[in-house]
Asker: 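Can you keep this structure in mind? I'll have questions shortly.
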Amino acid sequence: MTNYNSLTISVLAGAGGDDAKDWAQMLLRMYGRYAQLKNWKHEMVSDVTVAIRGEGSYERLKGESGVHRLVRISPFDAKGHRHTSFALVEVLPELPAFEASKIQVPERDLKVEFYRSGGPGGQNVNKVETAVRIVHLPTGLVAASQVERAQAQNRERALALIKAKLVQLAHDQHAASIDALRTKVKPEWGHEIRSYVLHPYQQVKDHKTGKKISRAEQVLDGDLDLLEKAK
């Protein structure tokens, strides 16, 4: 696939309830912090998606796609028990406008929902349903945008995300057509590509490379390059 300098990262909470939702937000923060450290531009597109733009950004972050597992003392457990949480990370290149225009998605395959933006933008944004969520019915793929002030712009951005997801899914599954696509990976046991342990010890393990590092808090604060240097 083409090397892109713009991408979106979506993080979807999996098994683990409130812990998993919190874990998904921790991962979003980690990618935002990494973009800051790299001096890349980044912005929240929705409450689960961050857009990043910078030289070599997609090539560096595409390997983050997959299930990420967290083990820690749960802040939501009054008894202080250890919990395991999962989140699914999706890394997609941002398709150039001319490339996105070539991908035709029938309207009948789309479920479009409008809602009030909960993000920045002031009171005027929050009073009207400017945010847009789109579901691609044949595959169950979901994309949302709430960063733009106008509903039409958010719809366009969410649709571009859907198209990028379809391109990535077709590539991953070697599918000849959109109709052949089905989502398969679930954020749960047995699918993780990386594990983060915060208790009873600190460790981040990349299951694809076998690399381990003890500075888990530093990685979660955005220093993903530590994993590249790990043995």
Asker: In the hydrophobic clustering that connects Ile, Leu, Val, Met, Phe, Trp and Tyr at side-chain heavy-atom distances below 4.5 Å, which members other than V45 occupy its cluster, ordered by chain and number?
Answerer: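 Once heavy-atom contacts under 4.5 Å are chained together, V45 belongs with L161.
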
Asker: Taking all heavy atoms of S46 and all of A144, pick out the closest pair and write down the distance.
Answerer: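 In terms of heavy atoms, the two residues are closest at CB-O, 3.7 Å.
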
Asker: Just how far is it from atom OG of S145 to atom CD1 of I162, taken to the nearest 0.5 Å?
Answerer: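 Here the rounded value is 12.0 Å.
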
Asker: Residues two or more places apart in sequence or in another chain: which of them pass side chain to side chain contact (heavy atoms under 4.5 Å, CB included) with Q151?
Answerer: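 Q151 satisfies side chain to side chain contact (heavy atoms under 4.5 Å, CB included) with F114, V132 once adjacent residues are dropped.
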
Asker: What pair of heavy atoms forms the shortest contact from G14 to A20, and how long is it?
Answerer: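 Scanning both residues completely, I find the closest heavy atoms to be O-CB, 3.3 Å.
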
Asker: Please name all residues satisfying salt bridge (Lys or Arg N to Asp or Glu O under 4.0 Å) with D18, sequence neighbours left out, ordered by chain then number.
Answerer: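 Counting only residues at least two positions away or on another chain, D18 forms no salt bridge (Lys or Arg N to Asp or Glu O under 4.0 Å).
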
Asker: State yes or no: do I213 and L198 share one hydrophobic cluster built from I, L, V, M, F, W and Y residues joined by side-chain heavy-atom distances below 4.5 Å, directly or via other members?
Answerer: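 In one cluster: yes.
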
Asker: Report the residues that fulfil side chain to side chain donor-acceptor pair (under 3.5 Å) with E55, sequence neighbours left out, ordered by chain and then residue number.
Answerer: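 Partners of E55 under the side chain to side chain donor-acceptor pair (under 3.5 Å) test: none.
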
Asker: Please report the interatomic distance CG(N154) to CZ(R149), rounded to the nearest 0.5 Å.
Answerer: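 Answer rounded to 0.5 Å: 11.0 Å.
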
Asker: Please report the interatomic distance CG(L70) to CG(L27), rounded to the nearest 0.5 Å.
Answerer: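 One finds 8.0 Å between CG of L70 and CG of L27.
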
Asker: Establish whether V112 and V105 are linked, either directly or via other cluster members, by ILVMFWY side-chain heavy-atom contacts under 4.5 Å.
Answerer: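 Yes.
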
Asker: Between E94 and K41, does at least one N-O distance fall below 4.0 Å, as a salt bridge requires?
Answerer: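 K41 and E94: not salt-bridged.
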
Asker: Taking the side chain as everything from C-beta on, heavy atoms only, tell me whether Y34 gets closer than 4.5 Å to H42.
Answerer: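 They are not in contact (no side-chain heavy atoms under 4.5 Å apart), so the answer is no.
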
Asker: Taking the basic N atoms (NZ, or NE/NH1/NH2) and the acidic carboxylate oxygens, is any pair closer than 4.0 Å for R155 and E107?
Answerer: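 Salt bridge flag = yes for E107 with R155.
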
Asker: Using a 6.0 Å cut-off, check whether atom CD of E156 has over 12 heavy atoms from anything other than its own residue.
Answerer: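 For E156, atom CD is not crowded (no more than 12 foreign heavy atoms under 6.0 Å).
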
Asker: For a quick test of reading the model, state the closest non-hydrogen atom pair linking R69 to S195 and the distance between them.
Answerer: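 Smallest interatomic distance, heavy atoms only, reads NH2-OG, 3.1 Å.
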
Asker: Do I9 and E64 make a side-chain contact, defined as non-hydrogen atoms from C-beta onward lying under 4.5 Å apart?
Answerer: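 In short, these two side chains do not touch, never coming nearer than 4.5 Å.
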
Asker: Kindly indicate, with the supporting measurements, whether the criterion side-chain contact (heavy atoms from CB on, under 4.5 Å) is fulfilled by R194 and V89.
Answerer: CA-CA 11 Å; R194 190 179 299 152; V89 175; over 6 Å; no

Asker: Would you indicate whether R53, at its atom CZ, is surrounded by more than 12 heavy atoms from other residues, nucleotides or ligands within a distance under 6.0 Å?
Answerer: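 Result for CZ/R53: open.
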
Asker: In the hydrophobic cluster built from side-chain contacts under 4.5 Å, what are the other members alongside L137?
Answerer: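 Hydrophobic cluster check, L137: joined to V135, V142.
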
Asker: At their closest point, which heavy atom of S10 faces which heavy atom of T49, and how far apart are they?
Answerer: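 Looking at all heavy atoms of both residues, the closest pair is OG-OG1, 2.7 Å.
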
Asker: Taking only Lys NZ, Arg NE, NH1 and NH2, and the carboxylate oxygens of Asp or Glu, determine whether E228 and K211 approach each other closer than 4.0 Å.
Answerer: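 K211 and E228: not salt-bridged.
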
Asker: Please check if the side chain of Q25 supplies one atom and the backbone of D47 the other of a donor-acceptor pair under 3.5 Å.
Answerer: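 Yes.
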
Asker: Please answer whether the main-chain N or O of G63 pairs with a side-chain N or O of K208 as donor and acceptor at a distance below 3.5 Å.
Answerer: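 Here the side-chain-to-backbone pair exists.
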
Asker: Under a single-linkage definition using a 4.5 Å side-chain heavy-atom cutoff for Ile, Leu, Val, Met, Phe, Trp and Tyr, are L88 and L92 assigned to the same hydrophobic cluster?
Answerer: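 No, because L88 and L92 fall into different hydrophobic clusters, even though each may have its own neighbours under 4.5 Å.
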
Asker: To the closest 0.5 Å, what do you measure between CZ (R215) and CG (D221)?
Answerer: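 Here the interatomic distance stands at 12.5 Å.
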
Asker: Say you draw a straight line from CD1 of I103 to CG of L159; how long is it, rounded to the nearest 0.5 Å?
Answerer: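 If we round to the nearest 0.5 Å, I103:CD1 and L159:CG are 9.5 Å apart.
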
Asker: For D19, what residues pass the side chain to side chain donor-acceptor pair (under 3.5 Å) criterion, not counting sequence neighbours?
Answerer: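 Only R72, S74 meet the side chain to side chain donor-acceptor pair (under 3.5 Å) criterion with D19.
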
Asker: When you group the ILVMFWY residues by side-chain heavy-atom contacts below 4.5 Å and let the links chain together, are M30 and M44 in the same group?
Answerer: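 Yes, M44 and M30 fall within the same hydrophobic cluster.
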
Asker: Applying ring-ring contact (aromatic ring centres under 6.0 Å, His included) as the test, list every pair that has at least one member in residues 197-217; sequence neighbours left out.
Answerer: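 Every candidate ring-ring contact (aromatic ring centres under 6.0 Å, His included) pair involving residues 197-217 fails, so no pair, neighbours aside, qualifies.
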
Asker: Checking D206 now: which residues fulfil side chain to side chain donor-acceptor pair (under 3.5 Å) with it, not counting sequence neighbours?
Answerer: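 For D206 there are no side chain to side chain donor-acceptor pair (under 3.5 Å) partners, ignoring immediate neighbours.
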
Asker: Under the rule for salt bridge (Lys or Arg N to Asp or Glu O under 4.0 Å), what residues qualify as partners of E113, not counting sequence neighbours?
Answerer: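 Expected list: K111, R133.
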
Asker: Closest approach of A143 and A158, non-hydrogen atoms and distance?
Answerer: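 Taking every non-hydrogen atom into account, CB-O, 3.5 Å.
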
Asker: Taking only residues two or more places apart in sequence or in another chain, which ones pass ring pair (Phe, Tyr, Trp, His ring centres under 6.0 Å) with Y196?
Answerer: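 Once residues adjacent in sequence are excluded, the partners of Y196 under the ring pair (Phe, Tyr, Trp, His ring centres under 6.0 Å) criterion are W23, H68.
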
Asker: Give, for atom OH of Y31 and atom CG of L61, the distance between the pair rounded to the nearest 0.5 Å.
Answerer: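 Rounded to the nearest 0.5 Å, the OH-CG separation comes to 7.5 Å.
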
Asker: Determine the minimum heavy-atom distance between P93 and A164, stating which atoms define it.
Answerer: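 In terms of heavy atoms, the two residues are closest at O-CB, 3.5 Å.
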
Asker: Treat each ILVMFWY residue as a node, draw an edge where side-chain heavy atoms are under 4.5 Å apart, and state whether V167 and L7 are in one component.
Answerer: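 Same hydrophobic cluster.
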
Asker: List for me each residue that meets salt bridge (Lys or Arg N to Asp or Glu O under 4.0 Å) alongside R60, sequence neighbours excluded, and say none if there are none.
Answerer: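 Counting only residues at least two positions away or on another chain, R60 forms a salt bridge (Lys or Arg N to Asp or Glu O under 4.0 Å) with D225.
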
Asker: Suppose we screen for salt bridge (Lys or Arg N to Asp or Glu O under 4.0 Å). Which residues come up paired with D223, at least two apart in sequence or across chains?
Answerer: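 Listed in chain order: nothing, the list is empty.
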
